[in-house]
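These notes concern the structure reproduced below.
Keep in mind the model is a prediction, meaning the values are calculated, not measured.
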Amino acid sequence: MEAGKKIDDMDHDEFEAFFARMQKAEDDYINAHPNIDYDRAITLNLPLDARFEFNVGDLEVSARDLLTMLAEKDPHMAETAIAIRDELYAGDDDNDHVGFGFDPPDPNRPTREELAEKRLARAKLVPEREAAIRTLLEFQERSDKSNKEFEAITASARAPVAPERLHFGNDPRSSSRGWDVFVLQRESWPPEKRESLKQEARARLKEKEDELDRESQRVADKYSDLLDQAYASIEPTAKKT
């Protein structure tokens with residue numbers, strides 16, 4: 001294909017070749033810059049009524065800030081949220097610092113009369129919305145009660161295996177360190193022995209993973225047996241959940 005040829009003037013083969021080159025260039029760039037091929041900020045697309053009524057744009061927040069908020073709100077997820085934040089949203093990209101706020105409003109705003117019509121239409125739906133809220137709150141109350149009952153019933157089953165369950169719950173990242181060392185060291189091994197050393201290292205790491213899987217399953221089975229015993233100690237009608 002001649003240089004500078006317009007896309008509209010290309011035949012099918014020329015266009016396919018051009019597209020393949022563009023795709024390769026994009027793939028090469030992404031491979032060279034691994035931290036660009038994922039979203040670093042999230043946009044909540046507000047309904048038009050909200051944007052027009054309150055004269056705001058969509059709501060935007062960086063993934064970094066969102067993960068920080070999750071860690072602060074849910075202590076059980078804090079370690080995971082912070083680890084993801086620090087590894088993949090470390091602040092090295094402009095989008096990690098977009099803040100938390102509304103985009104500029106849409107200039108094509110309806111007239112005040114049209115806004116009034118929309119407000120009245122929404123007002124007519126208030127009874128239906130309040131009924132839905134009551135239904136959801138009642139369901140949540142029943143769910144909370146069931147969860148508390150479940151917690152009380154299973155407390156005796158959780159306690160004996162709590163440390164082991166916590167260990168295996170946190171294990172995925174710790175068990176990855178052996179693979180990190182392997183990947184880091186393998187290129188420094190003598191070329192004539194590299195492949196055999198790789199195979200041996202992979203076999204050792206796989207054996208360790210299998211052992212961890214067996215231990216994790218042993219703990220899961222033990223917990224399941226303890227749950228059965230806990231449920232057997234209450235009414236025969238209780239169901240395991």
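Relative ring orientation between Phe150 and Tyr231 is described as tilted, the plane-to-plane angle lying within the 30° to 60° band.
With values rounded to the nearest 0.5 angstrom, Met77 atom CE is found 6.0 Å from Leu70 atom CG. Atom CD of Glu60 and atom CG of Asn95 lie 7.0 Å apart (nearest 0.5 Å). The distance from atom CZ of Arg85 to atom CG of Leu66, rounded to the nearest 0.5 Å, is 12.0 Å. With rounding to the nearest 0.5 Å, the separation of CD in Glu200 from NZ in Lys193 is 10.0 Å. Here the NZ atom belonging to Lys145 is positioned 8.5 Å from the CD atom belonging to Glu141, to the nearest 0.5 angstrom. Put simply, OG1 on Thr80 and CG on Leu67 are 10.5 Å apart, with the number rounded to the nearest 0.5 Å.
Around the CD atom of Glu192, the shell of radius 6.0 Å holds more than 12 heavy atoms that belong to other residues, nucleotides or ligands. Counted within 6.0 Å of CD on Gln23, heavy atoms from surrounding residues, nucleotides or ligands total more than 12; the atom is thus considered enclosed. Open room surrounds CD on Glu207; 12 or fewer heavy atoms of other groups in view lie less than 6.0 Å from it. Heavy atoms of other residues, nucleotides or ligands lying less than 6.0 angstrom from CD of Glu128 number 12 at most. Counting non-hydrogen atoms of neighbouring residues, nucleotides and ligands closer than 6.0 angstrom, the CG atom of Asp221 exceeds 12 such neighbours.
Under the 4.5 Å side-chain heavy-atom criterion for ILVMFWY residues, no single connected hydrophobic cluster contains both Leu125 and Leu120. One hydrophobic cluster holds both Val56 and Leu59 under the rule that ILVMFWY side chains link at heavy-atom gaps under 4.5 Å. Criterion: ILVMFWY side-chain heavy atoms under 4.5 Å apart, direct or through other members. Under it, Ile84 and Tyr38 are part of a common hydrophobic cluster. In this structure, Leu197 is a member of the same hydrophobic cluster as Trp179, with clusters built from ILVMFWY side-chain heavy atoms closer than 4.5 Å. Linking Ile, Leu, Val, Met, Phe, Trp and Tyr whenever their side-chain heavy atoms come within less than 4.5 Å leaves Val183 and Val181 in two separate clusters.
Contact record, Arg40 with Asp96: NH2-OD2, 2.7 Å, taken as the closest heavy-atom pair. Taking all atoms of both residues into account, the shortest heavy-atom contact from Ala201 to Trp189 is CB-CH2, 4.0 Å. The two atoms that bring Pro163 and Ala159 nearest to each other are CD-O, 4.0 Å, heavy atoms only. Residues Glu164 and Pro160 share a closest heavy-atom pair of OE1-O, 4.4 Å. Among all heavy-atom pairs drawn from Tyr223 and Ala157, the shortest one is CD1-O, 3.8 Å.
With hydrogens and angles ignored, the 3.5 Å screen pairs a side-chain donor or acceptor of Thr68 with a backbone N or O of Arg64. With Ser62 contributing its side chain and Asp65 its backbone, the two residues share a donor-acceptor pair below 3.5 Å. When atom types are taken as modelled, the side chain of Ser146 and the backbone of Arg142 share a donor-acceptor pair closer than 3.5 angstrom. A donor-acceptor pair under 3.5 Å is absent between the side-chain atoms of Ser216 and the main chain of Leu212, judged by distance alone. The backbone N or O of Thr135 lies less than 3.5 Å from no partner atom in the side chain of Glu138, so there is not a single donor-acceptor pair. A donor-acceptor contact shorter than 3.5 Å is absent between the side chain of Asp58 and the backbone of Thr43.
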**OP:** Starting from the C-alpha separation in whole Å, work towards a yes-or-no answer on salt bridge (charged side-chain N to carboxylate O under 4.0 Å, His left out) for Arg218 and Glu215.
**Re:** CA-CA 5 Å; Arg218 179 189 63 78; Glu215 280 298 297; 3.1 Å; yes
**OP:** Could you walk me through whether Lys198 and Glu195 pass the salt bridge (charged side-chain N to carboxylate O under 4.0 Å, His left out) test, one step at a time?
**Re:** CA-CA 5 Å; Lys198 284 182 180 179; Glu195 286 306 315; 3.7 Å; yes
**OP:** Verify salt bridge (charged side-chain N to carboxylate O under 4.0 Å, His left out) between Asp210 and Arg214, making sure each step is shown before the conclusion.
**Re:** CA-CA 6 Å; Asp210 291 343; Arg214 287 192 294 270; 5.1 Å; no
**OP:** Before giving the answer on side-chain hydrogen bond (donor to acceptor under 3.5 Å, both in side chains), spell out for Gln229 and Asp225 the whole-Å C-alpha distance, their side-chain angles and the decisive distance to 0.1 Å.
**Re:** CA-CA 6 Å; Gln229 294 173 27; Asp225 291 341; over 6 Å; no
Original post:
Is there a side-chain hydrogen bond (donor to acceptor under 3.5 Å, both in side chains) between Asp144 and Gln140 once you walk through the steps?
Top reply: CA-CA 6 Å; Asp144 290 344; Gln140 186 64 54; 2.9 Å; yes
With a cut-off of 3.5 Å and sequence neighbours excluded, list every side-chain donor-acceptor pair involving residues 98-110.
| unit_1 | atom_1 | unit_2 | atom_2 | d |
| --- | --- | --- | --- | --- |
| Asp106 | OD1 | Asn108 | N | 2.8 |
| Arg109 | NE | Phe52 | O | 2.8 |
| Arg109 | NH2 | Phe52 | O | 3.0 |
| Arg109 | NH2 | Glu53 | O | 3.4 |

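Cation-pi geometry between Arg186 and Phe182 is met: the NZ or CZ atom falls under 6.0 Å from the ring centre, inside 45° of the normal.
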